[in-house]
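In what follows, a structure is listed as structure tokens, so that the remarks can point back to it.
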Amino acid sequence: MTETMKAQALVVPLPGDASVLRVHEREVPPPGAGQVRVQVAAAGVNFIDTYQRSGVYPVATPFVLGMEGAGTVESVGEGVSEVSPGDRVAWAMQLGSAASVAVLPAQALVPVPESVELDVAAAAMLQAMTAHFLVHDTYLCDEGTVALVHAAAGGVGQLLVQLLKAKGSTVVATAGSADKLQIARSRGADHVIGYHEHDPESLASAVREAAGRGVDVVYDGVGQSTFDASLASLRPRGLMVLFGAASGPVPPVDPQRLNVGGSLYLTRPTLGHYIADRDQLLRRSSAVFELIGSGRLEIAIDSRRPLSEARAAYEALEGRTTTGKVLLVP
Ligand code: NDP
């Protein structure tokens, strides 16, 4: 296939809030060497998109938004052996995913088994692979582990709770409303705490009281508003995993705070380093698809919207009204 294709794409013309987003029609070229052209079935909405759209993570404008998706291979470029036309594939960490057609590196594509729907695969790529590395690699969670999960009714949060419970760990979950706490409980959380009812000191006390001790590991994707309480919730030599900043970036930290807290550890992990080569990407994505296909991991899909409703999709994510994955369906 050597012709260009017409496609719809979600474009960021200039940095800004969700109101800057525009849907443009454009010509997509045939795939070059090592590339694949994909008909996109669904693209995921993620917090990283908001950091890129607003300029917190600088990207030269204009650019097509979206870092994950799933779809069907339409054509392959020279030298591509990883996939063939007609294959069902998914990908993560590829800018330009929010479009009806995308040209992607073959190395970034993973096969989607028949047991997993394409929209579920798109929903799983960033959030579920993230929850997977956090529970299996950043900290080796097992039945003796007591973990604190913030924003536990969110996309990553619900997945963390499920994977921790699958390991037999004890989960203390926080969220911002009674309805969200109910969702965290339904995913298996042992203890739930509304962090909107606490200041950092009383939140840490509530966590310690619920857990019966300081926790072994904190999974904090909220950032600025929870960071202090997270450190104060840890046992001596516990691990603070700061994996995001939904409430804003955490100010610089004095290392002495880790000493005072009890020889604590602090890490700021990101998915890219846990799928750093093709072997890791294939192993982690197939592990996640296996869990989903066998019914042991449920992907909560909050909503599916056309590209033309992308502004509302991002406003919902940033406005804390979603509970699970928001998908754009081109
Ligand atoms: P969520 O579905 O968890 O949405 C974010 C949630 O954070 C909200 O629903 C809200 O829950 C809570 N929150 C607290 N304060 C705020 C605030 N001021 N503004 C917005 N939300 C707030 O999102 P995701 O699951 O997609 O992502 C969660 C975090 O994980 C993000 O920080 C993201 O950047 C990070 N992430 C990191 C990755 C990595 O590789 N390190 C990969 C993927 C995601 P509530 O109302 O209960 O407080």
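In each ligand, atom 1 is the first atom listed, and ligand 1 is the first ligand listed. We number each residue from 1, following the sequence as shown.
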Quick one: do Leu65 and Val23 end up in the same hydrophobic cluster if we chain Ile, Leu, Val, Met, Phe, Trp and Tyr together by side-chain heavy atoms under 4.5 Å apart?
-> yes
Which residue owns the protein heavy atom closest to [atom], what's the atom, and how far is it?
atom                    : value
atom 21 (N) of ligand 1 : Arg320 CG, 3.3 Å
atom 47 (O) of ligand 1 : Gly176 N, 2.8 Å
atom 6 (C) of ligand 1  : Ala151 CB, 4.0 Å
atom 43 (C) of ligand 1 : Thr130 OG1, 3.7 Å
atom 17 (C) of ligand 1 : Ala246 O, 3.4 Å

Is it the case that [X] and [Y] place a side-chain donor and acceptor less than 3.5 Å from each other?
X      : Y      : result
Asp17  : Ser19  : yes
Glu298 : Gln162 : no
Thr170 : Asp190 : no
Thr226 : Asp220 : yes

Close approach, Ala153 and ligand 1, non-hydrogen under 4.0 angstrom |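 No.
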Take a 6.0 Å sphere around [atom1] of [X] and say whether it holds more than 12 heavy atoms from other residues, nucleotides or ligands.
X      : atom1 : answer
Glu78  : CD    : no
Glu315 : CD    : yes
Arg237 : CZ    : no
Gln224 : CD    : yes
Glu117 : CD    : no

Just let me know how [X] lines up against ligand 1, side chain, backbone, both or neither, with a heavy-atom cut-off below 4.0 Å.
X      : answer
Ala245 : backbone
Val222 : side chain
Thr270 : both
Ala152 : neither
Met67  : neither
Gln127 : side chain

Going by the angle between their ring planes, with limits at 30° and 60°, are Phe133 and Tyr274 parallel, tilted or perpendicular?
->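 Aromatic pair Phe133/Tyr274 classed parallel.
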Indicate the ring-plane relationship of His132 and His136, choosing parallel, tilted or perpendicular according to the 30° and 60° boundaries.
->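 Aromatic pair His132/His136 classed parallel.
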Using a strict cut-off of 4.0 Å, indicate which atoms of ligand 1 neighbour a heavy atom of [X].
X      : result
Glu318 : 19 (N), 20 (C)
Ala175 : 47 (O)
Leu271 : 39 (C), 40 (O)
Arg268 : 41 (N)
Tyr195 : 11 (O), 12 (C), 14 (C), 45 (P), 47 (O), 48 (O)
Gly221 : 29 (C), 31 (C), 32 (O)
Gly155 : 1 (P), 2 (O), 3 (O), 25 (O)

Name all residues meeting the side chain to side chain donor-acceptor pair (under 3.5 Å) criterion together with Gln158; count only those two or more places apart in sequence or in a different chain, and write none if there are none.
-> Arg187
Can you figure out which of [options] has its heavy atom closest to [atom]?
atom                    : options                        : answer
atom 9 (O) of ligand 1  : Lys325, Lys180, His273         : Lys180
atom 18 (N) of ligand 1 : Ser247, Gly248, Ser177, Ala316 : Ser247
atom 3 (O) of ligand 1  : Gly154, Gly324, Pro269         : Gly154
atom 30 (O) of ligand 1 : Tyr51, Phe243, Phe47           : Phe243

What do you reckon, does Val156 have a nitrogen or oxygen under 3.5 Å from a nitrogen or oxygen of ligand 1?
-> yes
Taking the side chain as every heavy atom from C-beta outward, state whether Val59 and Leu95 have any atom pair closer than 4.5 Å.
-> yes
